[in-house]
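Please read the structure below before turning to the comments.
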Amino acid sequence: MKPPPSMSEQLEANQAFLAAEFARLKGLFEGKPAEAAPAASEPAAAIDFLAAAFDLTGFERDILLLCAGVEMDSRLAELCGEAQGSSRQRCATFGVAMSVLPQPHWSALTPVRPLRRLRLVEAGAEGGLTSAPLRIDERILHYLAGINFLDPYFQTMLRPGPAPEIFAAGHDAIAAEAARILSNRAGRPRLIHFCGDDRDGQEDAAAMTARELGVQLLVAAADDLPQPGAEMDKFVSLWEREAVLLRAALLIQIGGGECSPAFRRLAERLPHLVFVASREPISLNRPFTRFQVDKPPPAEQKRLWTGALGTAAAGLNGTLDDISQHFRASARTIVSTATLAAGDAGELRPAALREACRSISRPRLDHLAQRIVPSSSWDDLVLPALQKQTLRQIAAQVRHRMKVHETWGFSAKGRRGLGVSALFSGESGTGKTMAAEVLADELDLDLYRIDLSCVVSKYIGETEKNLKQVFDAADEGGLLLLFDEADALFGKRSEVSDSHDRYANIEVSYLLQRMEVYQGLAILTTNLKSSLDRSFQRRLRFTLNFPFPDAAHREIIWSRVFPSNTPTRDLNAKRLSQLNVAGGNIRNIALGAAFLAAEEGGPVAMAHLAEAAKLEAQKIERPLSEAELRGWI
């Protein structure tokens with residue numbers, strides 16, 4: 001069996017075929033007997049492939065050859081000038097083509113025929129249609145010469161999308177199904193829509209589909225594409241020919257915003273195979289098939305980590321389980337993060353792997369929420385036994401989600417309701433934020449505080465958009481989200497009296513729905529539990545009340561409030577516990593007293609605490625009774 005020709009052999013054959021065609025055209029100008037067109041080459045010469053792909057008539061094919069010949073063959077250019085009675089007019093015109101080329105027809109240069117619709121040639125502005133110079137497009141000229149590369153027009157808009165080496169199994173199955181559907185619809189305009197939270201996975205699925213169909217993938221951001229008008233018309237025309245010349249499919253990625261009317265207009269017009277990727281489903285006025293492409297579940301993420309890390313994965317013990325259940329990453333992110341964590345030496349430490357995962361998720365949320373570096377431990381929490389036990393149960397449920405949800409199969413019936421969420425209620429200063437710090441430290445999670453009073457908007461629908469932005473940014477995982485001041489959004493809204501109450505219920509339901517599927521830990525805090533509707537509370541996994549500390553608990557807080565390096569003198573924790581304030585106020589008083597003592601140059605004494613207590617009382621607008629300070633000095 002004869003081997004297929006090499007690239008250089010194909011190029012030589014194409015050039016020889018082109019030269020023979022130019023010789024045939026020169027014969028027509030010189031009045032020689034008409035020669036038959038050269039026999040078709042194998043594989044097809046560029047001009048024949050192009051003519052077949054764009055359904056050119058024989059006359060249109062010869063016009064394209066004539067325009068190319070003027071650029072590549074000086075004698076053919078001279079003959080065109082002679083045909084126009086001028087040695088200076090060394091260009092092809094429609095009039096010359098009509099008079100010299102066989103089987104002419106006037107429709108060849110109408111805007112609906114391929115030569116002009118696909119911008120294969122352009123007519124100059126000077127003169128009428130018959131006398132205006134015809135110029136072949138540079139991209140087409142190079143293609144006819146056997147040089148095939150992406151049109152410079154697209155260079156800043158499109159990038160290659162190669163198929164991945166490591167990918168999620170579910171995305172591979174989606175790509176196979178998409179390829180099957182597309183194979184059964186050959187010849188028709190086709191569009192596949194991938195929606196979901198895995199932007200990288202959507203590109204992987206598109207690239208694998210394209211590979212299955214034998215085409216290459218080019219990727220564009222929707223924001224980089226032209227608006228309706230002349231530029232959009234140009235984009236559509238040039239893409240129609242580029243998709244054929246390069247055997248390419250187009251993937252358009254919609255950013256975090258909504259799908260614009262301009263983009264819909266473009267997507268509805270684009271021919272050949274087009275993929276659209278977005279987080280939310282979109283609607284288009286053309287047939288398409290939609291697939292949901294989300295980040296892989298924890299069990300699949302562990303498989304991907306194991307593949308990306310290779311032999312290094314064996315030495316990580318339970319670290320991969322921990323990372324897979326706390327972080328939500330695409331296959332591409334897993335591969336790049338594994339490389340980053342290994343470093344130049346190729347060695348991998350569990351701490352380095354976790355830090356590399358954090359480095360991916362942190363930047364997305366830093367501008368939306370306040371990151372709190374945990375500084376408290378279980379010993380700092382002074383709470384009744386029941387509250388401490390509940391906090392440890394929260395930590396246990398987060399820690400063992402991989403085992404219960406994935407290994408034991410609870411996630412098989414859907415991921416809704418599997419998120420770990422909690423409501424912390426209690427007066428200000430009773431330890432709600434400190435408890436969140438303790439959990440973040442225990443679980444090795446980054447802690448981010450979101451003030452719901454700032455998120456809630458008076459404009460209908462804006463609160464939901466703000467919450468969506470926070471959760472979308474936190475989707476990479478590894479985070480504890482602390483939603484402070486929950487009563488700004490929640491409230492007893494079961495009695496719907498107007499449209500604002502209805503939208504408030506929608507916003508609350510949206511928050512709870514996102515918490516139910518959030519892979520990290522989400523906590524709401526409120527000072528007024530009584531203002532929260534019980535129907536909302538039931539949707540949270542844990543509800544924990546932080547009681548106002550009694551005298552015994554206040555005494556423990558006072559005994560632990562000063563760091564070991566702080567000099568003190570004759571402090572009496574029992575007498576200090578007479579002060580009826582919460583733990584947060586106790587810490588403020590201790591800090592204030594320390595500064596008073598530092599100013600005097602001595603240790604912290606009861607007198608400093610008394611003065612600091614009076615200042616704190618003024619701040620919280622709560623007068624101190626004589627009994628509370630009795631025996632302090």
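Since the model is a prediction, treat every value here as computed from it, not as a measurement.
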Side-chain (Gln155) to main-chain (Leu150) donor-acceptor, under 3.5 angstrom: yes
His171 side chain to Asp294 backbone, donor-acceptor under 3.5 Å: yes
Pairs of donor and acceptor atoms involving the side chains of residues 156-169, under 3.5 Å and at least two apart or interchain, shall be tabulated with distances.
from, atom 1, to, atom 2, distance (Å)
Arg159, NH1, Glu203, OE2, 3.0
Arg159, NH2, Glu203, OE1, 2.7

Heavy-atom closest pair, residues Val404 and Trp408: O-CB, 3.3 Å
cation_pi(Arg269, Trp239) dist<6.0 Å, angle<=45: no
Close side-chain approach of Arg539 to Ser509, heavy-atom, < 4.5 Å: yes
Partners meeting salt bridge (Lys or Arg N to Asp or Glu O under 4.0 Å) with Asp200 (sequence neighbours left out): none
Main-chain N/O of Arg541 paired with Ser421 side-chain donor or acceptor, under 3.5 Å: yes
Reference residue Asp444; test side chain to side chain donor-acceptor pair (under 3.5 Å); the match among Arg399, His326, Arg358: Arg358
Trace of the side-chain contact (heavy atoms from CB on, under 4.5 Å) decision for Leu467 with Arg514: CA-CA 9 Å; Leu467 290 170; Arg514 291 299 298 259; over 6 Å; no
Least distance between heavy atoms, Lys468 atom then Arg279 atom: NZ-CD, 3.9 Å
Heavy-atom donor-acceptor pair, Gln301 side chain to Pro296 backbone, under 3.5 Å: yes
side-chain contact (heavy atoms from CB on, under 4.5 Å) between Thr289 and Leu182, worked out: CA-CA 10 Å; Thr289 304; Leu182 293 169; over 6 Å; no
Test item: Leu521 and Ile394 side chains (from C-beta on) under 4.5 Å apart, heavy atoms: yes
Chi angles and distances behind the side-chain contact (heavy atoms from CB on, under 4.5 Å) call for Leu511, Phe471: CA-CA 9 Å; Leu511 172 61; Phe471 277 105; 3.6 Å; yes
From CA spacing to verdict: side-chain contact (heavy atoms from CB on, under 4.5 Å), Ile282, Phe263: CA-CA 11 Å; Ile282 63 172; Phe263 171 77; 4.3 Å; yes
Closest approach of Glu427 to Lys432 (non-hydrogen atoms, all atoms of both residues): O-NZ, 3.0 Å
Inter-residue atom distance Leu480.CG - Glu442.CD, 0.5 Å rounding: 12.0 Å
Any donor-acceptor N/O pair, Asp197 side chain to Lys295 backbone, under 3.5 Å: yes
Lys/Arg N to Asp/Glu carboxylate O, Arg354 vs Asp322, below 4.0 Å: yes
Gln253 side chain vs Ala277 backbone, donor-acceptor pair below 3.5 Å: no
Sub-4.5 Å side-chain heavy-atom contact between Trp305 and Lys302: no
Exceeds 12 heavy-atom contacts within 6.0 angstrom, atom CD of Glu300: yes
Donor-acceptor under 3.5 Å (Glu212 side chain, Ala175 main chain): no
Donor-acceptor pair, side chain of Gln387 and main chain of Leu544, under 3.5 angstrom: no
Audit row: Phe235, Phe154, ring pair (Phe, Tyr, Trp, His ring centres under 6.0 Å) steps and yes/no: CA-CA 9 Å; Phe235 184 93; Phe154 293 112; 5.4 Å; yes
Side-chain touch Val398/Leu439, heavy atoms, less than 4.5 angstrom: no
Where at least one partner belongs to residues 372-388, residue pairs that pass salt bridge (Lys or Arg N to Asp or Glu O under 4.0 Å), sequence neighbours excluded: none
Side chain to side chain, Val293 and Asp204, heavy atoms closer than 4.5 Å: no
Residue pair Ile181 / Glu177, side-chain heavy-atom distance below 4.5 Å: yes
Flag side-chain contact, heavy atom, 4.5 Å: Cys195 against Arg290: yes
Any side-chain heavy-atom pair of Val276 and Phe288 under 4.5 Å: no
